[in-house]
Amino acid sequence: MTAAGIRELLLSRIRDVADYPQPGVMFKDITPLLADPVAFTALTEALCELSVRHGATKIVGLEARGFILAAPVAVRAGIGFIPVRKAGKLPGATLGQAYELEYGTAEIEVHAEDLSAGDRVMVIDDVLATGGTAEASLELIRRAGAEVAGISVLMELGFLGGRSRLDGALRGAPLEALITL
C-alpha cells in the first residue's frame with residue numbers, strides 16, 4: 001500500500017467527536033482505527049518502518065495512547081519498549097522531567113535503568129499537539145544518556161504549533177507524522 005493509501009485508510013478510521021472533552025474542542029478518536037485489524041496493522045507497519053529506518057534500538061511510548069501504538073511497533077521491530085509514564089506511576093528508581101502545560105505543570109518519568117548510552121530511541125505517540133510532552137520526553141531520554149532517533153506520531157495537529165516548539169529540542173532528529181491536520 002502506498003503512503004497516500006495508508007494515510008487515507010487511517011484517516012477513514014479516525015472519528016471526530018465534537019465538544020469533547022469540552023465545548024469547542026474537536027476530539028480525534030482513534031478507537032475505531034484500533035478496532036480495525038487492517039488499519040491497526042497498517043499503522044503498526046508504518047511506524048515500525050520509520051523506527052527501523054532511523055536506527056532505533058528502543059521505542060518509547062508516551063502515556064497513555066502512545067503505549068497502545070508503541071508496544072506493537074517494538075514487538076514488530078524486535079526491539080525494546082519503554083513506557084514513559086506520568087509521575088508517581090512507576091515503582092523503583094526513576095528519572096523525571098517536568099514541563100509546562102497551558103495551565104500549570106506536569107511531570108513524566110521513566111525507569112532510570114531502562115535507557116542508557118548507546119540506545120537510539122524513537123518516541124511514539126498518537127498525537128502531536130502543543131509538543132510539551134514530546135519535548136519533555138526528549139530531555140528525559142538525553143538525561144538518561146541515550147540518543148534520540150526521532151519522534152513518530154499518527155497525527156500532528158499543525159495548528160497547535162507543536163512542531164515549531166520542538167525545532168530546537170529535536171537537535172536534528174526527525175519528526176514524522178503519518179497524518180497532518
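These numbers come from a predicted model, not from an experiment.
Judged purely by atom type and a 3.5 angstrom limit, R165 has no side-chain atom pairing as donor or acceptor with the backbone of L160. With hydrogens and angles ignored, the 3.5 Å screen pairs no side-chain donor or acceptor of D36 with any backbone N or O of L33. For the pair R120 (side chain) and E147 (backbone), a donor-acceptor distance under 3.5 Å is absent. For the pair E156 (side chain) and I179 (backbone), a donor-acceptor distance under 3.5 Å is absent. Of the possible polar contacts, one joining the K58 side chain to the D114 backbone as a donor-acceptor pair under 3.5 Å is found.
Under the 4.5 Å side-chain heavy-atom criterion for ILVMFWY residues, no single connected hydrophobic cluster contains both V84 and I59. Hydrophobic clustering (ILVMFWY, side-chain heavy atoms < 4.5 Å, transitive): V38 and I30 are in one cluster. L47 is not connected to V123 by any chain of hydrophobic side-chain contacts under 4.5 Å among Ile, Leu, Val, Met, Phe, Trp and Tyr, and they are in different clusters. Note on L170 and I124: separate hydrophobic clusters, where clusters join Ile, Leu, Val, Met, Phe, Trp and Tyr whose side-chain heavy atoms are under 4.5 Å apart, directly or indirectly. Both M155 and L34 are members of a single hydrophobic cluster when ILVMFWY side chains are connected at heavy-atom separations under 4.5 Å.
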Would you list the atom pairs, donor with acceptor, under 3.5 Å between side chains in residues 61-82 and any protein atom, with sequence neighbours excluded?
from: E63; atom 1: OE1; to: R85; atom 2: NE; distance (Å): 2.9
from: E63; atom 1: OE1; to: K86; atom 2: N; distance (Å): 2.8
from: R65; atom 1: NE; to: D126; atom 2: OD2; distance (Å): 2.4
from: R65; atom 1: NH2; to: D126; atom 2: OD2; distance (Å): 3.4
from: R76; atom 1: NE; to: E45; atom 2: OE1; distance (Å): 3.4
from: R76; atom 1: NE; to: E45; atom 2: OE2; distance (Å): 2.7

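Side-chain contact between L43 and L9: absent, with no pair of heavy atoms (C-beta onward) separated by less than 4.5 Å. At least one side-chain heavy atom of H111 sits less than 4.5 Å from a side-chain heavy atom of P91. Between L115 and L140, the closest side-chain pair of non-hydrogen atoms is not below 4.5 Å. You'll find the side chain of R142 reaches within 4.5 Å of the side chain of R171, heavy atoms only. In this structure the side chain of L178 reaches within 4.5 angstrom of the side chain of L10, judged on heavy atoms. Here the side chains of R163 and L175 are in contact, with some heavy-atom distance below 4.5 Å.
Enclosure of atom CZ in F27 by more than 12 non-hydrogen atoms of other residues, nucleotides or ligands within 6.0 angstrom is indicated.
The minimum heavy-atom distance linking E113 with A93 is given by the pair OE1-O, 4.1 Å. Here the closest heavy-atom approach between residue R13 and residue P32 is recorded as O-CB, 3.2 Å. Summarising the geometry of A134 relative to L128, their closest heavy-atom pair is CB-CD1, 4.3 Å, with the distance given to 0.1 Å. What you find for D19 and G24 is that their closest heavy atoms are OD1-N, 2.8 Å. A56 and M122 get closest at one heavy-atom pair: CB-CB, 3.8 Å. In terms of heavy atoms, V121 sits closest to A146 at CG2-CB, 3.9 Å.
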Pair D16-D29, side-chain contact (heavy atoms from CB on, under 4.5 Å): steps then yes or no: CA-CA 6 Å; D16 287 343; D29 180 14; over 6 Å; no

Working for side-chain contact (heavy atoms from CB on, under 4.5 Å), residues K28 and L154: CA-CA 11 Å; K28 300 295 185 183; L154 166 58; over 6 Å; no

Test log, rule side-chain contact (heavy atoms from CB on, under 4.5 Å), inputs I108 and Y99: CA-CA 8 Å; I108 55 174; Y99 62 100; 3.8 Å; yes

Full working for side-chain contact (heavy atoms from CB on, under 4.5 Å) between L157 and T180: CA-CA 6 Å; L157 304 178; T180 302; over 6 Å; no

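Taking OG1 of T41 as the start and CE of M1 as the end, the distance is 10.5 Å to the nearest 0.5 Å. Atom CG of D119 and atom OG of S116 lie 4.0 Å apart (nearest 0.5 Å). Here the straight-line distance linking atom CD1 of I141 with atom CG of L95 works out to 11.5 Å at 0.5 Å rounding.
For E49, the salt bridge (Lys or Arg N to Asp or Glu O under 4.0 Å) criterion is met by R53, not counting sequence neighbours.
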